[in-house]
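Working notes, beginning with the structure itself.
Residue numbers begin at 1 in each chain, while the letters A, B, ... track the order of the sequences.
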There are 2 protein chains.
Amino acid sequence: MAKTEKVTQLTKDQLQLIERMGGVLEGGGLAPAPARVSALLLVSHETELPFEEISRLLNLSKSATSNAINLLLTFQRLEYVTRPGERRRYFRVKMFNWKEDMKEKFVAVGQMSAMYKEVLRQRPKSTPEFNRGLADMTDFLDHIVKEMPALFKKWEQKS
Amino acid sequence: MAKTEKVTQLTKDQLQLIERMGGVLEGGGLAPAPARVSALLLVSHETELPFEEISRLLNLSKSATSNAINLLLTFQRLEYVTRPGERRRYFRVKMFNWKEDMKEKFVAVGQMSAMYKEVLRQRPKSTPEFNRGLADMTDFLDHIVKEMPALFKKWEQKS
DNA sequence: TTATTAGTTCTGCGCAAACAGAACCAAAAG
DNA sequence: CTTTTGGTTCTGTTTGCGCAGAACTAATAA
């Protein structure tokens, strides 16, 4: 079967934006290659791209591409679809997960609070200021966690 | 001047708790040594500890201790006090910064939103679903950022 | 059956982070 | 001036990450 691909290219602006976004995502704990793959799939005019395109557009080796994609798949930040008669997968960002992601973040805040409470439990009463500082903090964190659902709901209604 | 130090020791529970907290803080982007120093100063019954104690209690070399402490100082997560007639500094966690920290986090959320908007601006109109997904997201992020001050205020009143 | 496609897995390299230990240094004590 | 204290800075080692390139593999095509 002959290749009938349209050989798209990224503009300089797109490459630059990918670079910047990549940097931000790296700050969020992602490795460079996965970060760029994520950025690419947001910036590219095509929202679904096959393995080889990703590899080519980002100048990534097959192994780096494979590992990056699989990482993002297991972290649920990517998904793929196939097209009738084609074996290869088309990858795209899973964008409907950001609400879940947010919720998880707030769960993490709750766990933080729990940890500080554990610290507090084993502290001597001889350091009341310090202990109160800690208590204030956990209290605040709990407050945030508790109020979050309302914030979500408020937004959903507004839309 | 003779040494009249009380040679405190950490209990197994404390060491364990420090280890766990250290892990969590590392997850938050801190290196092991700074993470443990932070944890130590929260868990230790003494809220203020001098350099040498930190080094000893955590089995850290002087260089590691020095670097960890200075890192935490520049990031404003630690501060120190001196005591009359003593040259050495006593370090303690700067706990009054967590509100600021939180605010910064939400500023970061705002920047995220800005970045996604930039992506949106350069996207073709030919992918309306995708674009709407993005728009929803930025909208939500902005909503969070906007509502945050109210959440803060509500908590301050409640206390 | 052989060849091609669409990846995955293995091997090895380069680089930076994290730490130890030693040398170093400035301020205070003797 | 000499020594001690309270660190800081330098040097070297270890460790692990992130990637490339090559070897490999399972499905499809020819």
I'd like to check the salt bridge (charged side-chain N to carboxylate O under 4.0 Å, His left out) partners of E19(A); sequence neighbours left out, ordered by chain and number. R36(A)
According to salt bridge (charged side-chain N to carboxylate O under 4.0 Å, His left out), who are the partners of R83(B), at least two apart in sequence or on a separate chain? E48(B)
Without swapping roles, check the side chain of N131(A) against the backbone of L120(A) for a donor-acceptor pair under 3.5 Å. no
Report all interatomic pairs (protein N or O, nucleotide N or O of nucleotides 1-3 of chain D) with separations under 3.5 Å.
none

Below 4.0 angstrom, which residues in residues 22-32 of chain A have at least one non-hydrogen atom near DNA chain C? none
The residue, R87(A) or A33(A), whose nearest nucleotide of DNA chain D is more 5′ is A33(A)
Taking only residues two or more places apart in sequence or in another chain, which ones pass side chain to side chain contact (heavy atoms under 4.5 Å, CB included) with T138(A)? S113(A), Y116(A), K117(A)
Dot-bracket assigned to DNA chain C with the 3.5 Å Watson-Crick/G-U criterion, [ ] for crossing and | for other-strand pairs, is ||||||||||||||||||||||||||||||
DNA chain C contacts among residues 71-82 of chain A, heavy-atom distance under 4.0 Å: none
For residues 23-34 of chain A, which residue pairs qualify under side chain to side chain donor-acceptor pair (under 3.5 Å), counting only residues two or more places apart or in two chains? none
Output all residues satisfying side chain to side chain contact (heavy atoms under 4.5 Å, CB included) with V145(B), sequence neighbours left out; order by chain, then residue number. V109(B)
Side-chain N,O (R89(A)) to OP1/OP2 (dG7(C)) below 4.0 Å: yes
Just checking K153(A): does its NZ atom have more than 12 heavy atoms from other residues, nucleotides or ligands closer to it than 6.0 angstrom? no
Can you list the residues that meet the salt bridge (charged side-chain N to carboxylate O under 4.0 Å, His left out) rule with R20(A), with sequence neighbours excluded? E118(B)
Tell me: CZ of R56(B) to P of dT5(D), nearest whole Å? 16 Å
Name every donor-acceptor pair, under 3.5 Å, that has one atom in a side chain of residues 96-108 of chain A and the other anywhere in the protein, sequence neighbours excluded.
unit_1 : atom_1 : unit_2  : atom_2 : d
W98(A) : NE1    : M95(A)  : O      : 2.9
K99(A) : NZ     : E156(A) : OE2    : 3.2

Under a 4.0 Å heavy-atom cut-off, which of residues 62-69 of chain B touch DNA chain C? S63(B), A64(B)
